[in-house]
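Data block below; observations after.
In what follows, chains carry the letters A, B, and so on, assigned in the order in which the sequence lines appear, proteins first and then strands, with residues in each chain numbered from 1.
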Amino acid sequence: MTVVTRFAPSPTGYLHIGGARTALFNWLYTRHLGGTFRLRIEDTDRARSTDEAIKLIIEGLKWLGIDWDGDVVMQFARAPRHAEVARQLLAEGKAYHCYCTPAELEEMRNKARAEGKPMRYDGRWRDRDPKDGIPNVPPVIRLKAPQTGETVIDDLVQGRVTVANEVLDDMVLLRADGTPTYMHSVVVDDHDMEITHVIRGDDHLNNAFRQYQLYQAAGWKVPEFAHVPLIHGPDGAKLSKRHGALGVEAYRDMGYLPETMRNYLLRLGWGHGDDEIISTKQAIEWFDIKDVGRNAARLDIPKLDNLNGHYLREADNARLAELVIERLKDVSPVGRSRIERGMAGLKARAKTLVELVDNARFYTLARPIPISEKAKALLTPEAKKLLADLSPALAATDFSEAALETAVRTFVETARVKLGQVAQPLRAALAGEPTSPGIFEVAAVLGRDEALGRIADATR
RNA sequence: GUCCCCAUCGUCUAGAGGCCUAGGACACCAGCCUUUCACGUUGGUAACACGGGUUCGAAUCCCGUUGGGGACGCCA
């Protein structure tokens, strides 16, 4: 049997970080087994679904490097099929019409709570004669679920989970307006799409019981379930769109690389011994849903930063230069070239693309460059004198990094000062900041005219 | 309220009864490296929620307590 999985987000907002991880796990699992990974947009809630959200989700997945097989399935387009199944169940006596009003339902819930009972529909229309229907009141179709016994799910990550059927109620399959509910659509679609493994958030574990009953009623094979724990915020509460979860594009904007996100998200809830840095290729090789932990994990930004620093250092210079230039906007050809050539020194010092951009900016500035307060403090009268004296020595070199270093070290010796006494003012003059990549590298990247010019500006 | 799930350093985790005086990573602290900042490197602080069992032996199995989370919609 080949594995078929799916990621089924509802397009009511961006692809949040928890959804991204669910997608990643589905994808990894499928790629590991050589199966099929599908994307289904659950847009049955017409009021809250938007095209903008669909676009965001698809872009988010693409950015993350998660690809799916076949066409995207739009769930709402399948509504007629969902209705057909519901009516079939109705005809077979496995479902029934219910004419309860929202007020009645509300009352039931209040009563149940007051009595300390589970909040559920009491099944008052379950055994009524269809002829008792209320005229002019469109009914919903409810599943006639078992009332005794228990429903058992052998979950791939949660293990065997059992619930007494009496705490479950008869769920609505088709709304009064004839549209399908999520619970119903999911089952019909997963069946029709021949999904073999349903890997999704833990928050659906309870739904799985009801869905299981629907599979039973329809006489369909029940897929394997794998409910992965949710990602929590630093406060320990569920991370959701309604609770501060950011979309993946927000992480992109904050300067994280997609490979960082894949690695980080993977390590949230899944581990492989002491391995921390795991390439996507390696992940596909190692990943198994059985190794997913059962406890919820909290998002830890410092660790994300650290990981991103690692991937930044590992990333190709030309690619990073491109990303930086994109964010900097209006970079001249000269600036471009400097950023490309200076990337090695730049990327070693950044944790995010945002930081990288900030650190690269001085390469793009036109003379005279602004000197920050802290850098100004370095440019004391003595320092300026030193720089002015140093300038001819630098001019005499071929402006290669090595030659510049030799020149400065020689100068420092003859002038009987410490390297730092010259290097720091030089840094202030060339970068306008008290920190920068190695100063010889910076000088070399800027080139003779620009470097000497910036020194002249600063010593003036 | 009812049901379900979970429980190892601050955080992510390793740990499938003896290998655990509990390992790694991030963060934190100290040192080294050093032209700045990073990187790197060396060392350090820091955890099996609690109580009962089972067993020669429990972080690992069972029960309970506590704590946390999730679900209880004609939302998904």
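- With a cut-off of 3.5 Å on both Watson-Crick or G-U wobble distances, the partner of B/rU11 is given as B/rA25.
- On the C1' atoms, B/rA47 is 38 Å away from B/rU36, given to the nearest whole Å.
- Across the protein-nucleic acid pair, A/Leu174 atom CG and B/rC74 atom P stand 13 Å apart, rounded to whole Å.
- Closest to the A/Val172 side chain, of the nucleotides B/rU36, B/rC26, B/rC74, is B/rC74.
- Comparing B/rU35, B/rC75, B/rC3 by their nearest atom to the side chain of A/Leu419 picks out B/rU35.
- A/Arg113 comes within contact range of at least one nucleobase, with a heavy-atom separation under 4.0 Å.
- If you check residues 384-392 of chain A against RNA chain B, you find no residue with a heavy atom closer than 4.0 Å.
- When both distances must be under 3.5 Å, the Watson-Crick or G-U wobble mate of B/rU36 does not exist.
- Look at the P atom in both B/rU41 and B/rU55: the space between them is 49 Å, to the nearest Å.
- With respect to the salt-bridge test (charged N to carboxylate O, under 4.0 angstrom), the residues A/Glu276 and A/Lys303 qualify.
- Side chains of A/Lys347 and A/Asn317: a donor-acceptor N/O pair is present below 3.5 angstrom, by distance only.
- Counting non-hydrogen atoms under 4.0 angstrom, A/Ser185 reaches nothing in the nucleic acid.
- Residue contacts shown for A/Arg120 are absent, as no nucleic acid heavy atom lies under 4.0 Å away.
- Taking atom CG of A/Asp305 as the reference point, atom C1' of B/rA25 lies 15 Å away to the nearest angstrom.
- The C1' atoms of B/rU45 and B/rC72 are separated by 44 Å, rounded to the nearest whole Å.
- Base pairing annotation: B/rA49 forms a Watson-Crick or G-U wobble pair with B/rU65, both donor-acceptor distances under 3.5 Å.
- Within the 4.0 angstrom heavy-atom criterion, base atoms lie near A/Val140.
- The same atom, C1', is picked in B/rG53 and in B/rC12; the two are 32 Å apart, to the nearest Å.
- Two residues, A/Val163 and A/Thr101, neighbour RNA chain B, and the one matched to the more 5' nucleotide by heavy-atom proximity is A/Val163.
- In this structure, the CZ atom of A/Arg160 is 12 Å from the P atom of B/rC5, given to the nearest Å.
- When only modelled atom types and interatomic distance are considered, A/Tyr29 and A/Asp288 share no side-chain donor-acceptor pair under 3.5 Å.
- The pair A/Arg81-A/Asp192 meets the salt-bridge criterion, since a charged nitrogen lies less than 4.0 angstrom from a carboxylate oxygen.
- One N or O donor and one acceptor, one from the side chain of A/Arg349 and one from the base of B/rC37, sit under 3.5 Å apart.
- Closest approach to the A/His232 side chain among B/rU35, B/rA76, B/rG69 is made by B/rG69 (side chain taken as heavy atoms from C-beta onward).
- By the 30° and 60° cut-offs, the orientation of the rings of A/Trp270 relative to A/His272 is parallel.
- For CG of A/Asp177, the number of neighbouring non-hydrogen atoms (other residues, nucleotides, ligands) closer than 6.0 Å is greater than 12.
- Distance noted for atom C1' between B/rC33 and B/rC39: 11 Å (whole Å).
- A distance below 6.0 Å separates the ring centres of A/Phe25 and A/Phe287.
- Pair assignment for B/rA30: B/rU42, on the basis of Watson-Crick or G-U wobble contacts that are both within less than 3.5 Å.
- In this structure, A/Ala348 and A/Ile439 both approach RNA chain B, and ranking their closest nucleotides by distance from the 5' end singles out A/Ile439.
- Between B/rC26, B/rC74, B/rA76, one nucleotide has an atom nearer to the side chain of A/Asn207 than all others, and that is B/rA76.
- One atom, NZ of A/Lys117, and another, P of B/rA71, lie 25 Å apart when rounded to the nearest Å.
- The pairing partner recorded for B/rC56 is B/rG18, the criterion being a Watson-Crick or G-U wobble arrangement whose two distances lie under 3.5 angstrom.
- Counting non-hydrogen atoms under 4.0 angstrom, A/Thr162 reaches the backbone sugars and phosphates but no base.
- Under 4.0 angstrom from either OP1 or OP2 of B/rC37 there lies no side-chain N or O belonging to A/Asn359.
- Not less than 6.0 angstrom separates the ring centroid of A/His191 from the ring centroid of A/Tyr215.
- A/Arg294 contributes no side-chain N or O that forms a donor-acceptor pair with the base of B/rC6 under 3.5 Å.
- Within the 4.0 angstrom heavy-atom criterion, only backbone atoms of the sugar-phosphate kind lie near A/Lys351; the bases stay farther away.
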### Message
Run A/Phe225 and A/His227 through ring-ring contact (aromatic ring centres under 6.0 Å, His included) and show every step you take.
### Response
CA-CA 6 Å; A/Phe225 287 111; A/His227 289 93; 5.7 Å; yes
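- In this structure, A/Leu205 atom CG and B/rG70 atom C1' are separated by 9 Å, rounded to whole Å.
- Using a 4.0 Å cut-off, some side-chain N or O of A/Arg409 falls inside it from OP1 or OP2 of B/rU35.
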### Query
Which letters describe nucleotides 8-24 of chain B, given B = protein heavy atom under 4.0 Å from base, S = only from sugar-phosphate, - = neither?
S--SBSS--------BB
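- Summarising the geometry, the separation between CD1 on A/Ile278 and P on B/rA25 is reported as 14 Å, rounded to the nearest angstrom.
- For A/Pro302, counting side-chain heavy atoms from C-beta on, the closest listed nucleotide (B/rC6, B/rC26, B/rC75) is B/rC26.
- Listed candidates were B/rG73, B/rU35, B/rC75. Nearest to the side chain of A/Arg109 is B/rG73.
- Nucleic acid contact class of A/Phe209 (heavy atoms, under 4.0 Å, all strands): none.
- Taking atom P in both B/rU54 and B/rU11, one finds a spacing of 33 Å when rounded to whole Å.
- Separating the P atom of B/rG68 from that of B/rG44 is a span of 35 Å, rounded to the nearest Å.
- Seen from the ring of A/Phe7, A/Arg40 does not count as a face-on cation partner, given the 6.0 Å and 45° thresholds.
- Ion pairing between A/Glu166 and A/Arg120 fails under the 4.0 Å rule for side-chain N and carboxylate O.
- A straight line from CD1 of A/Ile153 to C1' of B/rC5 spans 13 Å, rounded to a whole angstrom.
- One atom, CD of A/Glu355, and another, C1' of B/rA38, lie 9 Å apart when rounded to the nearest Å.
- A/His204 comes within 4.0 angstrom of a nucleotide base, judged by non-hydrogen atoms across all strands.
- Look at B/rU2: its Watson-Crick or wobble partner, with both distances under 3.5 angstrom, is B/rA71.
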### Task
Determine, step by step, whether A/Arg427 and A/Glu433 satisfy the salt bridge (charged side-chain N to carboxylate O under 4.0 Å, His left out) criterion, reporting the C-alpha distance in whole Å, the side-chain angles of both residues, the deciding distance to 0.1 Å, and the verdict.
CA-CA 7 Å; A/Arg427 189 184 312 283; A/Glu433 292 292 341; over 6 Å; no
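- A/Leu390 is listed as a side-chain neighbour of A/Val422, based on a closest heavy-atom distance under 4.5 Å.
- Using a 4.0 Å heavy-atom criterion, one finds that A/Cys100 contacts the bases of the nucleic acid, with or without backbone contacts as well.
- With hydrogens and angles left out, the side-chain atoms of A/Asp45 and A/Tyr182 include no donor and acceptor closer than 3.5 Å.
- Taking the C1' atom of each, B/rG24 and B/rG18 are spaced 22 Å apart, rounded to whole Å.
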